[in-house]
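Below: one structure, written as structure tokens.
All chains are named by letter (A, B, ...) in the order of the sequence lines, taking the proteins before the strands, and each is independently numbered beginning at 1.
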Number of protein chains: 2
Amino acid sequence: MSKSTIMVVEDDQDILGLLAYTIRGAGFDVVTAADGLEALVQARRRRPALLVLDLMLPGMDGLEVCRELKRGVETAAMPIIMLTARGEEIDRVVGLELGADDYVVKPFSPREILLRIRAILRRGAPSEKPAPIWEEEGFHVDLEAHRVLINGNPIELTATEFKLLAELIRNRGKVQTRDQFLDKVWGYQFEGYARTVDTHIRRLRQKLGPFADRVETVRGVGYRFRE
Amino acid sequence: MSKSTIMVVEDDQDILGLLAYTIRGAGFDVVTAADGLEALVQARRRRPALLVLDLMLPGMDGLEVCRELKRGVETAAMPIIMLTARGEEIDRVVGLELGADDYVVKPFSPREILLRIRAILRRGAPSEKPAPIWEEEGFHVDLEAHRVLINGNPIELTATEFKLLAELIRNRGKVQTRDQFLDKVWGYQFEGYARTVDTHIRRLRQKLGPFADRVETVRGVGYRFRE
DNA sequence: CTGATTGTTACAAAACGGTGACACACCCAT
DNA sequence: ATGGGTGTGTCACCGTTTTGTAACAATCAG
């Protein structure tokens, strides 16, 4: 399992340093930003697994950052922990309305932040959709159970193959490039050749047997799941 | 469809406010209570569609409230989501299983609570409540009685093993990651190695003897209880 | 036909999970 | 207090599976 990246946004250098040190010490990669605009740019580019976001920021404040991120498709699911000072109850609540996953009131202990980060990451991004399943005559995919049935018989997919299939089905009908697959299935920190995807596509097709043709090649572009 | 009423019982004002706001924001009516006795009175009078109940409460604690409600004919079917923090508390909820429909470990994210509320309300018929018991030829698990029988003979499980088995059975069919098990069985404050789960799975399998294969390994992901 | 793109195969390295051993903290009876 | 028994978390080791890559074959488009 590769390291998760946590992004910390805080204008107070002391607190920022403390947070970065603590979180890094717990084995995460840390990216920092000191104001809202930088936070937005970095968050979109680096795709951190989680954001620790101060409410009070120079320029664009935490709420706006939160709102902007929730608006973007790619960043909407990014969990956010808000840092608030006491007495900002209204602000805090509004922040949560905008999709923050949790909040911590200052002054906080580094340990507390870590616990929340871990708790949220463990659960993974709660999916808004109930148990996404692909179901057609003789071909059954259950993402929650992590199971694939073909003509009633379970077939064994490795973790990567399953993630790849899930990604294909989630975007059924749409072509995705190899790089997109690398990003979503392997993670954005993966440094390898794009042709790796080809190999896994092949293995997947092989195991899908009669349904191999659902995974279509779009020459010059990438792959697509046929609806 | 008229708004459902959700009742939130929690003595910490911050958390209560947060919950109330979040749930209200999702389009439910919210009633709150800060201690066990008030909770009982309000629950009987207002008949909420669902109860979010903290385990630790001043005076009468969450379990007692739960027990009382289950006793009353009018309130017995009321779904309850328990909030727990520490490992020992998880013990009590899982062990006694006094009719709570689900439980969430603190710290939780507002989004998570909402998902569970929706999930339970969607189930509608209380008959679809997850059965507290696993029963098959020669293999009998009674979560309430905290007892496991194999071919009629009781087998001795330690507290951790039982909680682990309970968690597996509660989510039978679904894969859960090691981290998720740590969260639900050990509690969020546990700071240890994820492979600890492996060891307990092994001990559990050992004791399950002929039914060891009910606990399936999903390589690269986690574990799953076979239906 | 030809260059580019994709499919196929083989293989070594890495990742993963099972297992036994062990240290430690408890608890309880001595 | 002492000592054995029990439950628990961690570690190191090992066989197996998985995975990324390279090299080669097949296919496609122009």
Side-chain angles (χ1 to χ4, degrees), chain A residues 1-3 27 146 148 154-168 175-209 212-224, chain B residues 86-88 90-91 94-95 146 148 155-168 175-209 212-224:
Chain A
M1 188 77 60
S2 63
K3 281 198 216 178
H146 220 269
V148 179
I155 65 171
E156 303 282 335
L157 293 188
T158 70
T160 310
E161 284 155 12
F162 194 89
K163 276 189 278 183
L164 187 57
L165 176 61
E167 198 50 40
L168 280 162
V175 191
Q176 290 182 280
T177 66
R178 293 177 175 73
D179 282 336
Q180 284 175 315
F181 284 115
L182 285 184
D183 261 9
K184 294 192 173 175
V185 176
W186 278 260
Y188 66 95
Q189 12 68 15
F190 177 77
E191 296 180 16
Y193 296 80
R195 299 273 336 254
T196 296
V197 177
D198 295 36
T199 302
H200 285 272
I201 287 281
R202 183 195 153 265
R203 289 171 182 153
L204 182 57
R205 280 176 173 155
Q206 197 172 310
K207 294 188 182 179
L208 289 185
D213 61 347
R214 290 303 135 85
V215 181
E216 298 178 310
T217 303
V218 180
R219 199 181 171 81
V221 188
Y223 297 96
R224 172 178 58 197
Chain B
R86 275 188 256 95
E88 316 103 57
I90 297 170
D91 229 358
V94 172
H146 217 275
V148 180
I155 64 171
E156 301 284 334
L157 292 187
T158 69
T160 309
E161 285 155 11
F162 192 85
K163 276 188 280 182
L164 188 56
L165 178 61
E167 196 51 37
L168 280 161
V175 188
Q176 291 183 279
T177 66
R178 293 177 174 74
D179 280 340
Q180 285 173 324
F181 283 117
L182 286 183
D183 220 22
K184 300 275 259 174
V185 176
W186 278 261
Y188 74 90
Q189 76 231 305
F190 177 79
E191 300 186 28
Y193 199 30
R195 296 226 35 209
T196 295
V197 177
D198 294 35
T199 300
H200 286 271
I201 288 280
R202 171 171 58 104
R203 289 171 183 155
L204 182 57
R205 279 175 173 158
Q206 223 160 33
K207 295 190 182 177
L208 290 185
D213 62 347
R214 291 300 181 283
V215 181
E216 298 178 310
T217 303
V218 181
R219 193 171 228 275
V221 188
Y223 296 97
R224 174 179 58 194

Rounded to the nearest Å, what distance is computed from the [atom1] atom of residue [X] to the [atom2] atom of nucleotide [N]?
X       : N       : atom1 : atom2 : value
R219(A) : dT5(C)  : CZ    : P     : 8 Å
E161(A) : dC16(C) : CD    : P     : 15 Å
K163(A) : dA15(C) : NZ    : P     : 13 Å

- Query: Are R178(A) and dT5(C) close enough that a side-chain N or O sits under 4.0 Å from OP1 or OP2?
  - Reply: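 No, outside the criterion.
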- Item | Distance below 4.0 Å between Y223(A) side-chain N/O and dG7(C) OP1 or OP2 |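 Affirmative; the distance criterion is met.
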- Would F190(A) and V185(A) satisfy side-chain contact (heavy atoms from CB on, under 4.5 Å), going step by step from the backbone distance to the final call? CA-CA 10 Å; F190(A) 177 77; V185(A) 176; over 6 Å; no
- Take E191(B) and Y193(A), find for each the nucleotide of DNA chain D with the closest heavy atom, and name the residue whose nucleotide sits nearer the 5' end.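 Closer to the 5' end of DNA chain D: E191(B).
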- Message: Both L157(B) and A194(B) contact DNA chain D. Which one's nearest nucleotide lies toward the 5' end?
- Response: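 By nearest-heavy-atom nucleotide position, the 5'-most residue is L157(B).
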- Message: Tell me every residue that passes ring-ring contact (aromatic ring centres under 6.0 Å, His included) with Y223(B), counting only those two or more places apart in sequence or in another chain.
- Response: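 Counting only residues at least two positions away or on another chain, Y223(B) forms no ring-ring contact (aromatic ring centres under 6.0 Å, His included).
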[X]: what forms a salt bridge (charged side-chain N to carboxylate O under 4.0 Å, His left out) with it, not counting sequence neighbours?
X       : answer
D183(A) : none
K207(A) : E161(A)
R195(A) : D198(A)
R205(A) : none

- Rounded to the nearest 0.5 Å, how far apart are NE2 of H200(B) and OG1 of T158(B)?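 Those atoms lie 7.0 Å apart.
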- Parallel, tilted or perpendicular, as decided by the 30° and 60° cut-offs, for the rings of F162(A) and H146(A):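 Plane angle under 30°, so parallel.
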- Partner residues of Q206(A) under the side chain to side chain donor-acceptor pair (under 3.5 Å) criterion, sequence neighbours left out: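 Result, side chain to side chain donor-acceptor pair (under 3.5 Å) vs Q206(A): R202(A).
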- Message: Restricting to side chain to side chain donor-acceptor pair (under 3.5 Å), what partner residues turn up for R224(A), sequence neighbours left out?
- Response: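 Here the qualifying residues are E216(A).
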Nucleotide N/O to protein N/O under 3.5 Å, stretch nucleotides 8-11 of chain C:
from   : atom 1 : to      : atom 2 : distance (Å)
dT9(C) : OP2    : R202(A) : NH2    : 3.1

- Message: At a heavy-atom distance below 4.0 Å, which nucleotide of DNA chain D is the first touched by chain A, and which is the last?
- Response: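 Terminal contacting nucleotides, 5' to 3': dT18(D) to dA29(D).
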- Task: Please list, chain by chain and in numerical order, all residues satisfying side-chain contact (heavy atoms from CB on, under 4.5 Å) with A194(B), sequence neighbours excluded.
- Result: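 With neighbours one apart ignored, the set is R178(B), D179(B), L182(B).
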- Item | Axial bend angle, the helix from dC1(C)-dG30(D) to dT30(C)-dA1(D): five-pair end segments, nearest 10° |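 Answer for the end axes of this duplex: 30°.
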